[in-house]
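For reference, the structure discussed in these notes is given below.
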Amino acid sequence: MEVEPRRAGENDSAVAGEITRLCRTLVPLAAAGKYAEASSTYRWVTRASSGDPLRYVDHALRLEFCALTGNEHTGLDLLSLLDGVGDHPDAVGRLEFFASAALLTRRLTETGYGDIPFVLNGPYDGVSLSRLHQRMRAAAFVEAEELDGREHTGYFTGYAERKMAAKPVAEFVPLLPSALPRIPILPPPGLSAEELVVRAEIHNHRCEPEEARACLDAIESVPDEIAPRLSELRAIFFQGEDTEERLRHAAAGFRRQGDEIRFLLNQCWLGLWLVFDDQVETGVALTTVAAARLRAGTDERAACWGEYWLAHVLSGQGRVSEAYEALRRGAERAREAGDPLLHGTLLCLEASLRNGDGEDPVATLELARAATDAFIVGNVGEKAVEAVEQVRIAYERTGSLDELDVFVEHLLATLPVGGPERLRGHLRHLRALSLIGTGRFVEAVDDAYASLGISASKGKDTAEHWYVLVTALHGAGRYDEVLDVAPRAIALLAVSPDWDHRCRWMYADSYRALGESSRAFDEYAVLAEILQDSGDTGHSYISVSMAAAEQLDLLGYGANAADFYARAADAASAIGGGYVAATCRNAATLSRLRSGDLDAALSALDAAETAVHAVKTETAPVREHLVAQLDHVAAHVLSAAGRVREAARRALRAAETFHRIGEAESARDVDLLLEEILLGEQK
């Protein structure tokens, strides 16, 4: 079935021109310090441009804005359009997009993200952002030189050069409420190679891998005295086929330097890697011996790390009681050493193992809460989030969700100023979930925005963060804002069909609530097709098809609306939903009548009669309502067909039934119809 719900008209070019005009104001607004206006304009043009990949000049202007306002990672989403830009017929559009893409990837490279691979199903898939920058720069110059050749000037080449070299006009322009600038991962400039290695080791222990990799990438020359440490760190953070070789190379270096502690810690990690690499017997023996030697030594922290890696190896082999014993030994020594990071790390691993093994949730809860406290003292955000997740799992296992809410509120109230912001964001995420679960959507919105902002500032925002925000906004009736954030959530929810379908429904419903029937239909229709393709033609498919039909009726596409109602009716009949099927048949009949096809409406009425009278399982009042609804529909159709006496009889019967079952509003509607029918007959 072909449906064109968007009415193309003479205003299309005017709207397109307005979008382009506003896109051109983005950077100037930010440069003038008008951040709120720039942000609202960006959101508007993003929404207005959705689904139109051919407007590459507009998309290029948005890319440029992201690159120059601290929103480089938001701009990454726009790079997905690269797959088709080479075939775009407008050479200027190609130049603008390539140059803006080069600018964005330059900024990402400068801020420490050059080694991140760009993910796209196309010719650039897997290319690092720094390499992508070089390719975009070259592509921009090719387009510029071709344009200059036509015009016999150097204007376009100079323009491309200036655009790709542009400097930021603002440190950060927040595009959403509570948005925060991306926290830099690059180490401070001017550090020596040894200082960078030390920082990477600290980041490793704090579970901050991106920052650790940035430190390692910044090292150019490698002094001999730190070469083994660097080799080990690179083996850990850039794992591959040569990981074992690098670890053994590091071990040999530690041995040459007489650094027994580092050698033994290396053996612990190597043993874990060998177990992972299916060399189980060798790996377990290696870690066990190394941990025992560290335990017998005088370096408290090294002994604790030995126990930690031993517990990992033992638990992986099902030797959980021995793993717990190793963790208890390590936690006791870490507490005596006064190292909150190490103490919390050992407690958190034990809590995680116990949750996974289904051990006593009360004892597990104590471990996880103690780990959380230790990480707060050590101001270790990533690990604190991990510990709170173990608390959450333990509370869920005890069925004490109210106590989880109390725990979250207490932590939020007592978390010190300057404490781990990642933890604060996660706690607000958990509170938002709880508020949504009890229907307190308005209260949940601020928490959802804040948790997303904090997580995104560390590059830790997930599909769940975006989904929770969409849910809170939709429940709170803030439909305009749903339209701003739902597309991002949908893009991230591809692997979570249930959430994806729910999010798409909220997106479509927000357009409906705002009176944008054309866009609402588009989104309902997309969701209906997704559900049908996935084989889900149950209740969700039926309600979405009915919603799509309602929007088509509002747009004046009665015949198409009837088709959607008919699909919903067929699906309802297939799952035994006779009442819903009959309701859809009634609605389809009216849609056929609105389309002006009287013959089709009469045929649809026959189908509706059959469907309504087939409903036997509902209660008497429900069946009476359905029959009255059918009579009302029949009165409309029969009146249009000139069968006035039949129409009047059906309308009268419908009015009497609605009055009897207490549906006064429906009765009034039928009374008015009956009056029109009778007056028409008198004429």
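All figures in this text were calculated on a predicted structure; none of them were measured in a lab. Residue numbers run from 1 in the order of the sequence given.
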Supply the atom-to-atom distance [X] [atom1] to [Y] [atom2], rounded to the nearest 0.5 angstrom.
| X | Y | atom1 | atom2 | value |
| --- | --- | --- | --- | --- |
| Arg592 | Tyr565 | CZ | OH | 12.5 Å |
| Leu674 | Arg653 | CG | CZ | 13.5 Å |
| Tyr507 | Glu523 | OH | CD | 5.0 Å |
| Leu626 | Arg585 | CG | CZ | 13.0 Å |
| Ser178 | Leu452 | OG | CG | 9.0 Å |
| Ile677 | Leu672 | CD1 | CG | 11.0 Å |

I want to check something: taking the side chain as every heavy atom from C-beta on, are [X] and [Y] in contact at a cut-off of under 4.5 Å?
| X | Y | answer |
| --- | --- | --- |
| Asp553 | Leu590 | no |
| Ile490 | Asp500 | yes |
| Arg623 | Val612 | no |
| Arg512 | Tyr524 | yes |
| Arg43 | Ser40 | yes |
| Thr20 | Arg55 | yes |
| Tyr42 | Thr74 | yes |
| Leu492 | Thr462 | no |

Do [X] side-chain atoms and [Y] backbone N/O form a donor-acceptor pair below 3.5 Å?
| X | Y | value |
| --- | --- | --- |
| Asn71 | Thr69 | yes |
| Ser49 | Val45 | yes |
| Ser100 | Leu61 | no |
| Arg502 | Thr471 | no |
| Thr25 | Leu22 | yes |

**OP:** Report the C-alpha separation of Asp90 and Tyr56 in whole Å, then their side-chain angles, then the decisive distance to 0.1 Å, and conclude whether the side chain to side chain contact (heavy atoms under 4.5 Å, CB included) test is met.
**Re:** CA-CA 9 Å; Asp90 179 16; Tyr56 281 105; over 6 Å; no
Testing the 3.5 Å rule here: is there a donor-acceptor pair between the side chains of [X] and [Y]?
| X | Y | answer |
| --- | --- | --- |
| His474 | Asp509 | yes |
| Arg62 | His59 | yes |
| Ser595 | Asp597 | no |
| His659 | Asp671 | yes |

Subject >> Listed once per pair and sorted, the side-chain hydrogen bond (donor to acceptor under 3.5 Å, both in side chains) pairs that draw on residues 430-455, sequence neighbours left out >> reply: Asp405-Ser434, Glu409-Arg431, Arg428-Asp447, Arg431-Asp447, Arg440-Glu443, Tyr449-Glu481, Ser455-His465
Original post:
Regarding Arg392 and the six-membered ring of Tyr395, is the cationic atom NZ or CZ under 6.0 Å from the ring centre and inside 45° of its axis?
Top reply: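 Ring-cation test returns no.
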What is the minimum heavy-atom distance between [X] and [Y], and which atoms define it?
| X | Y | value |
| --- | --- | --- |
| Ile530 | His501 | CG2-NE2, 3.6 Å |
| Cys584 | Ala568 | SG-CB, 3.7 Å |
| Leu63 | Gly75 | CD2-O, 3.4 Å |
| Val468 | Leu433 | CG2-CD2, 3.5 Å |
| Val482 | Ser510 | CG1-OG, 3.2 Å |
| Ser591 | Ala561 | OG-CB, 3.8 Å |

**OP:** Take Leu82 and Phe118, measure what side chain to side chain contact (heavy atoms under 4.5 Å, CB included) needs, and give me the verdict at the end.
**Re:** CA-CA 11 Å; Leu82 274 172; Phe118 177 59; 4.3 Å; yes
Within a 6.0 Å radius of atom [atom1] on [X], are there more than 12 heavy atoms belonging to other residues, nucleotides or ligands?
| X | atom1 | result |
| --- | --- | --- |
| Lys460 | NZ | yes |
| Arg24 | CZ | no |
| Glu675 | CD | no |
| His613 | NE2 | yes |

Subject >> side chain to side chain contact (heavy atoms under 4.5 Å, CB included) assessment of Val627 paired with Thr657 >> reply: CA-CA 9 Å; Val627 171; Thr657 305; over 6 Å; no
Subject >> Mutual orientation of the aromatic rings belonging to Trp499 and Tyr467 [parallel < 30°, tilted 30-60°, perpendicular > 60°] >> reply: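 Judged by the thresholds at 30° and 60°, the geometry between Trp499 and Tyr467 is parallel.
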Subject >> Test salt bridge (Lys or Arg N to Asp or Glu O under 4.0 Å) applied to Asp58 and Arg21, step by step >> reply: CA-CA 9 Å; Asp58 295 346; Arg21 185 189 69 79; over 6 Å; no
**OP:** Salt-bridge test for Arg650 and Glu646: reply yes if a basic N is under 4.0 Å from a carboxylate O, no otherwise.
**Re:**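 Salt bridge absent between Arg650 and Glu646.
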**OP:** Please report the C-alpha distance between Glu389 and His426 in whole Å, then the side-chain angles of each, then the deciding distance to 0.1 Å, and finally whether the side chain to side chain contact (heavy atoms under 4.5 Å, CB included) criterion is met.
**Re:** CA-CA 9 Å; Glu389 275 300 284; His426 188 62; 2.8 Å; yes
